[in-house]
Amino acid sequence: MNPAPSVIVFSVLSGAGFGLLAFLGFGAVVPAGWPAFFWWGLGYALAVAGLLAATFHLGNPKNARKAFSQVRTSWLSREAWAAVVTLVTLAPVALSDWLGLGWWRGGGVIGGALALFTVLTTAMIYTQIRAVPRWHFWTTPVLFLGFAVTGGMILAGQALAPFASLALSGVLALAFWLGDGRFAAAGATLGSATGLATLGAPHVFELPHTGGNYLLREMIYVVGRKHAQRLRVIAVVCAGLAPAVLVGLVPGGAGFALAGLVHLLGAFAARWLFFAEAEHVVGLYYGKR
Amino acid sequence: MTALPAHTEKKLGLVIDLDTCVGCHACVTACKGWNDQGAGLSDQNPYGSDPSGAFLNRVHSYAVQPVEGPAQTINFPRSCLHCEDAPCVTVCPTGASYKRAEDGIVLVNADDCMGCGLCAWACPYGAREMDADQGVMKKCTLCVDRIYNEALPEEDRAPACVRTCPTGARHFGDLGDPDSAVSKLVVQRGGYDLMPELRTRPTNKYLPPRKKDVRQEASLLAPLLDLQATGFAGWLDRVLGKL
C-alpha cells in the first residue's frame with residue numbers, strides 16, 4: 001500500500017495524543033496550573049493535528065463532514081464520532097485541572113476509555129480489510145493500542161513506561177515476523193484471482209495498460225522494500241527498547257522527553273512499514289505478488 | 001445507507017466468457033467512452049510521456065501452463081463484480097457507496113464521496129479507481145444510465161461493454177433468476193467466482209475456457225518429413241547436394 005505521509009502523520013500523532021489524553025483522563029498524573037495547560041494542550045494538539053493531517057489525504061474534503069453519517073456500518077465513521085466525543089468529554093476535566101476548579105474527575109475516566117476506543121476504531125479501519133491480509137490480523141489493533149498506551153505513558157511521565165515500551169517492541173517484532181506469512185495464509189493466488197488454476201499455472205503474459213494508474217500507485221506500492229529490514233530494526237529499537245533505556249538512565253523529565261522523541265521516531269518508522277509492506281491482493285492481477 | 005440490503009429483487013450482473021474473449025480492449029474503450037459523458041472519467045497527461053487515467057474496466061492477459069502440453073493465453077477482462085457482500089460499501093463513512101435493493105447494482109454517489117479511498121482498499125478486485133481531477137471514486141455502474149433508458153433503442157439497453165463486444169464474450173442479465181439466459185449459461189459452462197476465499201460473493205461470473213482438441217500423438221508434419229523429391233526437383237536436389 002502507498003505509505004501516504006498524511007495518513008502516517010495522522011495515525012502516529014493522533015495515536016500518541018489520544019494515549020496521553022487517556023492517561024491524563026485516568027488521573028495517572030494530575031497536573032495543576034500552567035503545567036496542566038501544557039500537558040493537556042500537548043495531548044489535544046497531537047490528537048487534533050493528527051486528525052487535521054488525515055483530511056489532507058482526502059480527494060474531496062468538502063464532503064468530510066458527511067463522514068459522521070455511517071456510524072452503523074463504517075469504522076471510519078465510528079472513528080470520527082469517537083474522536084469528537086472524546087475531545088469534548090475530556091474538555092471540562094482539562095479546564096478543571098488548568099484553572100484548579102476541582103470539578104468531578106469521573107468524566108476523565110470515561111474520556112480516557114473513549115480515547116483508547118478512538119485508537120481502536122482507527123486500527124479497525126485497517127484490520128477489517130480482508131484484501132490486505134497483513135492488516136486483517138489481531139496484531140493490528142494490538143499494535144495501534146500498544147503504540148497509544150506506550151506513547152501516552154512516556155508523555156505522561158509514568159514510572160511503568162519502560163515496561164510498556166519493552167512489551168511494545170516485543171509485539172512489534174512479532175507482528176513483523178507473523179505478518180510475513182499472512183498473505184500466503186489468506187490463500188489468494190493468481191490462480192484463485194482469475195480462476196485459471198484449474199487449467200494450469202497462470203502467469204502474467206501482458207499487462208492491461210502500459211502507463212500507471214490509481215491501483216498501481218495506491219495499492220501495488222513496492223518502493224523502499226530494500227530498506228525494509230533496516231527500518232524494521234530501527235522501528236523495534238526506537239519504539240520501545242531505546243525509550244526504556246533512556247527513561248532508566250536519564251533522570252527526571254529530560255529522560256521522558258528524550259524517550260518520547262525517540263519513541264515517536266520509532267512509531268513513524270513502524271507506521272511507514274505498516275503501509276509500505278502491506279500487500280493488497282489486487283497486486284495478483286498485475287503479477288506483483 | 002452503506003448497510004448492505006438483506007435481499008435484492010434482481011441480481012443484475014455480467015457473465016464473461018474467457019473462451020471467446022480475444023483481448024481486443026473494445027469493452028475498455030466503449031466503457032470509457034460512454035462514462036466520459038457528464039462529469040466524466042478524467043485522464044492525466046493523456047498525450048504526454050506519462051499518460052494515466054481512470055478506467056472502470058481493464059483487460060489483462062495471462063499465459064497458463066498446463067502440466068503437459070503447450071501454454072495457453074487467456075484474455076481476462078476485470079471490472080466491478082457487484083458483490084452481494086460488497087466490502088467497498090460497508091466501509092464507506094459518508095454513505096456515498098451503496099448497493100441497490102432493487103437490482104443489486106453497486107454505485108457511488110459522487111455528491112457524497114469525500115475521496116478517502118477506503119472503498120478501493122476494501123475491494124479485492126481493483127474495481128474502483130479514484131478520479132485524479134475530481135477527487136472522487138469511480139466504478140462500473142453496469143451502465144445504469146443505459147439499461148433502463150427508454151430513450152435508447154431496445155438493443156442498446158445493455159452495458160456499453162456488452163453492446164460493443166465483437167465476439168459476444170460478455171453477457172448481461174439477472175443472475176438471481178435461475179431461468180435467465182445468463183444463469184443458464186453459468187450452469188452449462190461451469191461459471192465461477194473470483195477469489196471466493198475472500199467471501200465477497202460476486203454477482204458476476206466467469207466462464208472457463210473450453211477444453212482444447214486432444215493433441216495428436218504424432219507430428220502433423222510427419223508425412224512431409226520423409227518427402228522424396230522427383231523429376232526436375234529431384235535432379236536439382238541431387239545436383240545441389242553434390243556441390
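Worth saying up front: this structure is predicted, and the values here are computed from it rather than measured. Below, chains carry the letters A, B, ... as their sequence lines are ordered, and counting in each starts from 1.
Rounded to the nearest 0.5 angstrom, A/Arg72 CZ and B/Thr90 OG1 are separated by 11.5 Å. For the atom pair CG (B/Leu194) and CG (A/Leu284), the distance works out to 11.5 Å, reported to the nearest 0.5 Å. Here the NZ-OH distance, from B/Lys138 to A/Tyr214, works out to 13.0 Å after rounding to the nearest 0.5 Å. Taking CD of B/Glu129 as the start and CZ of A/Arg217 as the end, the distance is 8.5 Å to the nearest 0.5 Å. Between B/Trp121 atom CH2 and A/Glu218 atom CD the span is 6.0 Å, to the nearest 0.5 Å. One finds the CG atom of A/Leu215 at 5.5 Å from the CZ atom of B/Arg78 (value rounded to the nearest 0.5 Å).
Neither the backbone nor the side chain of B/Ala54 comes within less than 4.5 Å of any heavy atom of chain A. Heavy atoms closer than 4.5 Å to chain A are found in the backbone of B/Cys92, but not in its side chain. Contact of B/Phe76 with chain A is made through the side chain alone, with heavy-atom distances under 4.5 Å. With a 4.5 angstrom heavy-atom cutoff, B/Thr73 touches chain A only via side-chain atoms. Using a 4.5 Å cut-off between heavy atoms, B/Gln44 does not touch chain A at all. In this structure, the portions of B/Val91 lying under 4.5 Å from any heavy atom of chain A include both its backbone and its side chain. Neither the backbone nor the side chain of A/Ala80 comes within less than 4.5 Å of any heavy atom in chain B. Both the backbone and the side chain of A/Leu76 have a heavy atom closer than 4.5 Å to some heavy atom of chain B. Heavy atoms of B/Pro208 lying under 4.5 Å from chain A are absent altogether. In this structure, chain A has a heavy atom under 4.5 Å from the side chain of B/Ile74, while its backbone stays farther away. With a 4.5 angstrom heavy-atom cutoff, B/Arg128 touches chain A only via backbone atoms. No part of B/Asn75 comes within reach of chain A, as not one of its non-hydrogen atoms sits under 4.5 angstrom from that chain.
Side chain of B/Arg58 to main chain of A/Pro208: no donor-acceptor pair is present (N/O by atom type, distance under 3.5 Å, no hydrogens or angles). B/Thr94 places no side-chain N or O within 3.5 Å of a backbone atom of A/Lys66 that could act as its donor or acceptor partner. Looking only at distances, a side-chain donor or acceptor of A/Asn60 sits under 3.5 Å from a matching main-chain atom of B/Cys113. B/Ser61 places no side-chain N or O within donor-acceptor distance of the main-chain N or O of A/Phe205, the cut-off being under 3.5 Å.
Among all heavy-atom pairs drawn from B/Pro93 and A/Ser77, the shortest one is O-OG, 3.5 Å. Across A/Thr194 and B/Tyr192, no two heavy atoms sit closer than the pair O-OH, 2.7 Å. Taking every heavy atom of both residues into account, B/Gly95 and A/Ser69 meet most closely at N-OG, 4.1 Å.
For the pair B/Pro209 and A/Leu196, the minimum side-chain heavy-atom distance is below 4.5 Å. No side-chain heavy atom of B/Cys123 sits less than 4.5 Å from a side-chain heavy atom of A/Val282. Residues A/Ser192 and B/Glu197 are in side-chain contact: their nearest non-hydrogen atoms beyond the backbone lie under 4.5 Å apart. Put simply, the side chain of A/Glu206 does not reach to within 4.5 Å of the side chain of B/Val59, judged on heavy atoms. The closest side-chain heavy-atom distance from A/Asn213 to B/Phe55 is not below 4.5 Å.
In this structure, B/His60 and A/Tyr286 have perpendicular ring planes: the angle between them is above 60°, well past the 30° mark.
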